[in-house]
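Take a look at the structure below.
When a ligand or atom number is given, it counts from 1 through the structure's own listing order. Here the structure is a predicted model, which means the values were calculated and not measured.
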Amino acid sequence: MAGSEVVLLDFWASLFGMRVRIALAEKGVQYDYKEENLTNKSQLLLEMNPVHKKIPVLIHHGKPICESNIIVQYIDEAWQDKYPPLLPADSYLKAQAKFWADFVDKKIYDAGKRILSTKGEEMEKAKTEFIDWLKVLEGELGEKPYLMGESFGYADIAIVPFYCWFYALETIGKMNIEKECPKLIAWVKRCMERESVSKSLPDPHKVYEFLSEMQKKIG
Ligand SMILES: N[C@@H](CCC(=O)N[C@@H](CS)C(=O)NCC(=O)O)C(=O)O
Ligand SMILES: *[C@@H]1O[C@H](CO)[C@@H](O)[C@H](O)[C@H]1NC(C)=O
Ligand SMILES: *[C@@H]1O[C@H](CO)[C@@H](O)[C@H](O)[C@H]1NC(C)=O
């Protein structure tokens, strides 16, 4: 590890890891990618994130930064001289961007997880909630190209990784997200035109296989 200035401990299917991959790609930062086996975590991961023992962890000059949204903000500040800025300069817009990033973790991730881990009535409830929260996001987007306006940034980075789980959620939950939220999907497609995004997100079919395996394990 000595000598690599930037190291990312990650797991390919992680929505949180994808945020960090997108931010590093936006800034054009070179790094060492280290894939973790989450059922047999490396010593390095346990040392670098002793509190949560979770990926992603960014290691910059040997020092760890944990929690994906915190890492993305760190990247924006540490590579401030590199274009583009990820967080808005305006304090109010910056707070809004953080609000929406936090919202997806609290509401959308939670409802999505419940679609995958429940059945019957509980699953139906999770599906309704999931779509309702996506519609809230779609309302926030409005007619803007990106969540905070004209430029792609922190809030988009926090949310767009969910897209690679949509196929799995649609297949397992028997739902059609594009039909419910066409403007949100148009935004996803706009984001996917950026190489930073398209190269950081895995194949949705591979994610589906992974998630349905996981679903079987949970029972
Ligand atoms: N809030 C964290 C969530 C990270 C997280 O949940 N990571 C998962 C993989 S997607 C993990 O490392 N799980 C391993 C474990 O819980 O043992 C973030 O935003 O970085
Ligand atoms: C876990 O991974 C380490 C390498 O990081 C390996 O040496 C060890 O055999 C693995 N343990 C199991 C139970 O597979
Ligand atoms: C991860 O580690 C577990 C336990 O050591 C092992 O059974 C599994 O095959 C490993 N997975 C991968 C993808 O290497």
Original post:
How far is atom 4 (C) of ligand 1 from its nearest protein heavy atom, and which residue and atom is that?
Top reply: I55 O, 3.3 Å

Original post:
Which protein heavy atom lies closest to atom 2 (C) of ligand 1, and at what distance to 0.1 Å?
Top reply: E67 OE1, 3.3 Å

Original post:
Taking the six-membered ring for Trp, are F11 and F210 parallel (under 30°), tilted (30 to 60°) or perpendicular (over 60°)?
Top reply: tilted

**OP:** Could you tell me how the ring of Y31 sits relative to the ring of Y33: parallel (under 30°), tilted (30 to 60°) or perpendicular (over 60°)?
**Re:** tilted

Original post:
Centroid-to-centroid, W100 to Y154, below 6.0 Å?
Top reply: no

Original post:
To the nearest 0.1 Å, how far is atom 20 (O) of ligand 1 from its closest protein heavy atom, and which atom is that?
Top reply: S68 N, 2.8 Å

**OP:** Report the C-alpha distance between I115 and M175 in whole Å, list the side-chain angles of each, state the deciding distance to 0.1 Å, and finish with yes or no for side-chain contact (heavy atoms from CB on, under 4.5 Å).
**Re:** CA-CA 11 Å; I115 294 176; M175 58 208 271; 4.1 Å; yes

Subject >> Residue P56 vicinity, atoms of ligand 1 by number, heavy atom under 4.0 Å >> reply: 20 (O)

Original post:
Is atom 9 (O) of ligand 2 close to the protein, meaning a heavy atom under 4.0 Å from it?
Top reply: no

Original post:
Does K53 reach ligand 1 with a nitrogen or oxygen that is under 3.5 Å from one of the ligand's nitrogen or oxygen atoms?
Top reply: no

Original post:
Hey, is atom 14 (O) of ligand 2 touched by any protein heavy atom at less than 4.0 Å?
Top reply: yes

Original post:
Which residue supplies the protein heavy atom nearest to atom 13 (N) of ligand 1, what is that atom called, and how far is it?
Top reply: K54 CG, 3.8 Å

Original post:
Taking only heavy atoms of T39, which atoms of ligand 3 are found under 4.0 Å from at least one of them?
Top reply: 1 (C), 2 (O), 3 (C)

**OP:** Give me the one residue out of D105, D10, D156 that meets salt bridge (Lys or Arg N to Asp or Glu O under 4.0 Å) with R19.
**Re:** D105

Original post:
What's the shortest distance from atom 15 (C) of ligand 1 to any protein heavy atom, and which residue and atom give it?
Top reply: K41 NZ, 3.4 Å

**OP:** Go through L86 and W79 one step at a time and tell me if the side-chain contact (heavy atoms from CB on, under 4.5 Å) criterion holds.
**Re:** CA-CA 10 Å; L86 303 176; W79 286 277; over 6 Å; no

Subject >> Smallest separation among heavy atoms of K54 and N49, with atom names >> reply: O-ND2, 2.8 Å

Subject >> Atom indices of ligand 1, in the order listed, that fall short of 4.0 Å to a heavy atom of S14 >> reply: 10 (S)

Subject >> N/O donor-acceptor pair under 3.5 Å between K127 side chain and G173 backbone >> reply: yes

**OP:** Would you please classify the geometry between the H205 ring and the Y167 ring as parallel, tilted or perpendicular, with 30° and 60° separating the classes?
**Re:** tilted

Original post:
So which protein heavy atom does atom 3 (C) of ligand 2 come closest to, and at what separation?
Top reply: N40 ND2, 3.6 Å

Original post:
Which heavy atom of the protein is the closest neighbour of atom 6 (C) of ligand 3, given with residue, atom name and distance?
Top reply: N37 ND2, 4.2 Å

